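Being a predicted model, the structure only gives us computed values, none of them experimental.
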Amino acid sequence: MGRCLAIIIMGVSGAGKSTVGELLAAALCCPFYDADSYHSEENKEKMRSGVPLTDEDRMPWLTRLRDLLVDQLLKGTCVVLACSALCPKYRDILRSAGSQFTSHRLKNGMYNNLTTTVQAGDSSCSPIVFVHLKATAQLLATRLMAREKTGTHFMPAALLQSQIDSLEIGSSETDILETDASLAPATIVLNIQAQLPI
């Protein structure tokens with residue numbers, strides 16, 4: 001891959017973010033991180049109890065994820081992160097990793113002839129890319145109920161509707177790619193790779 005990217009696999013719980021993210025990271029030979037692992041125990045307990053998280057609950061979590069992305073980008077490596085990132089304001093916090101990365105490189109004279117373009121805020125130079133795994137409510141509910149039976153995740157099916165209600169994508173968010181989450185994971189990964197700005 002020619003560009004250093006932070007690729008955020010986003011969507012409602014049950015869309016397959018972790019599965020697809022791991023496969024994509026393997027295909028790109030880069031690190032994979034699951035945002036669920038960065039929730040506080042308090043957040044996890046709230047979700048287990050069927051209580052939706054508030055913005056106040058999410059902000060420290062999103063800040064940790066942003067810092068993680070900055071660290072990885074500054075190492076000069078691509079990175080894949082599975083994260084719900086349901087609202088524009090949450091994605092903006094993750095996008096700020098791109099601003100911090102760009103500022104660091106400009107400060108250290110690492111853009112050469114691209115400096116003017118980056119300073120002008122050309123989104124094509126941002127290292128942050130979102131991939132929305134789109135799925136129907138029925139598919140998501142089926143997956144979450146199956147996962148709940150195995151006890152392998154703290155997110156209960158009861159919170160699905162709150163996640164669907166929270167999902168919002170603005171028409172100006174041109175850094176969000178989309179793919180059909182009902183396809184086989186390997187096919188989804190190929191679809192994503194075909195869309196990445198490399």
Enquirer: Mind checking whether Tyr38 and Leu81 sit in one hydrophobic cluster, side chains of I, L, V, M, F, W, Y counted as touching below 4.5 Å?
Expert: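 In one cluster: yes.
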Enquirer: Verify the cluster assignment for Leu167 and Leu62: are they in a single hydrophobic cluster under the rule of side-chain heavy atoms below 4.5 Å apart?
Expert: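 Same hydrophobic cluster.
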Enquirer: Is it the case that the side chain of Arg91 and the backbone of Leu86 share a donor-acceptor pair, with hydrogens and angles ignored and the cut-off at 3.5 Å?
Expert: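 Indeed, once roles are kept as given, a pair shorter than 3.5 Å links the two residues.
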Enquirer: Nearest 0.5 angstrom please: Lys44 NZ to Asp36 CG, how far?
Expert: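 With rounding to 0.5 Å, NZ (Lys44) is 7.5 Å from CG (Asp36).
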Enquirer: Dump the intermediate steps for side-chain contact (heavy atoms from CB on, under 4.5 Å) on Leu133 and Lys17, then the final yes or no.
Expert: CA-CA 7 Å; Leu133 299 185; Lys17 298 183 295 293; 4.2 Å; yes
Enquirer: Under a single-linkage definition using a 4.5 Å side-chain heavy-atom cutoff for Ile, Leu, Val, Met, Phe, Trp and Tyr, are Leu69 and Leu74 assigned to the same hydrophobic cluster?
Expert: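 Cluster IDs for Leu69 and Leu74 match.
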Enquirer: Quick one: CD1 on Ile188 to OG1 on Thr179, what's the gap to the nearest 0.5 Å?
Expert: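 The CD1 atom of Ile188 sits 5.5 Å away from the OG1 atom of Thr179.
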Enquirer: Are there more than 12 heavy atoms of other residues, nucleotides or ligands under 6.0 Å from atom NZ of Lys46?
Expert: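 Yes, the 6.0 Å shell around NZ holds more than 12 heavy atoms from other groups.
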Enquirer: Is the side chain of Asp57 donor-acceptor paired with the backbone N or O of Thr54 at a distance under 3.5 Å, no angle test?
Expert: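 Between the backbone of Thr54 and the side chain of Asp57 there is a qualifying donor-acceptor contact (under 3.5 Å).
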Enquirer: With a 3.5 Å cut-off and no angle check, do the side chains of Asp34 and Ser37 form a donor-acceptor pair?
Expert: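 No, no side-chain donor-acceptor contact under 3.5 Å.
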Enquirer: In Å and rounded to the nearest 0.5 Å, what is the OG to CZ distance from Ser126 to Arg95?
Expert: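 Taking OG in Ser126 and CZ in Arg95, the distance rounds to 8.5 Å.
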Enquirer: Please check if the side chain of Trp61 supplies one atom and the backbone of Asn43 the other of a donor-acceptor pair under 3.5 Å.
Expert: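 It does not hold such a pair.
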Enquirer: What is the distance from atom SG of Cys78 to atom CG of Leu73, rounded to the nearest 0.5 Å?
Expert: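 One gets 8.0 Å once the value is rounded to the nearest 0.5 Å.
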Enquirer: To the nearest 0.5 Å, tell me how far Ser182 OG sits from Arg143 CZ.
Expert: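 Here the rounded value is 7.5 Å.
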Enquirer: Tyr33 vs Val79, test: side-chain contact (heavy atoms from CB on, under 4.5 Å). Steps then yes/no.
Expert: CA-CA 8 Å; Tyr33 295 93; Val79 59; 3.6 Å; yes
Enquirer: Take Ile128 and Ile7, measure what side-chain contact (heavy atoms from CB on, under 4.5 Å) needs, and give me the verdict at the end.
Expert: CA-CA 6 Å; Ile128 309 297; Ile7 304 158; over 6 Å; no
Enquirer: Applying side-chain contact (heavy atoms from CB on, under 4.5 Å), run through Leu94 and Ile8 and close with a yes or a no.
Expert: CA-CA 9 Å; Leu94 299 176; Ile8 300 163; 4.0 Å; yes
Enquirer: Is the backbone of Tyr90 close enough, under 3.5 Å, to the side chain of Arg58 for a donor and an acceptor to pair up by distance?
Expert: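 Checked: no pair found.
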Enquirer: Report the distance from atom CD of Glu178 to atom CD1 of Ile169, rounding to the nearest 0.5 Å.
Expert: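 If I round to the nearest 0.5 Å, the distance is 5.5 Å.
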Enquirer: Do Leu196 and Leu183 belong together in a cluster built from hydrophobic side chains that touch within less than 4.5 Å?
Expert: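 Yes: a chain of side-chain contacts under 4.5 Å links Leu196 to Leu183.
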Enquirer: Same cluster for Met47 and Val51 if Ile/Leu/Val/Met/Phe/Trp/Tyr side chains link at under 4.5 Å?
Expert: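 No: no chain of side-chain contacts under 4.5 Å links Met47 to Val51.
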Enquirer: Kindly say whether Gly170 contributes a backbone atom to a donor-acceptor pair with the side chain of Glu173 at under 3.5 angstrom?
Expert: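 The answer is yes, because a donor-acceptor pair under 3.5 Å joins these two groups.
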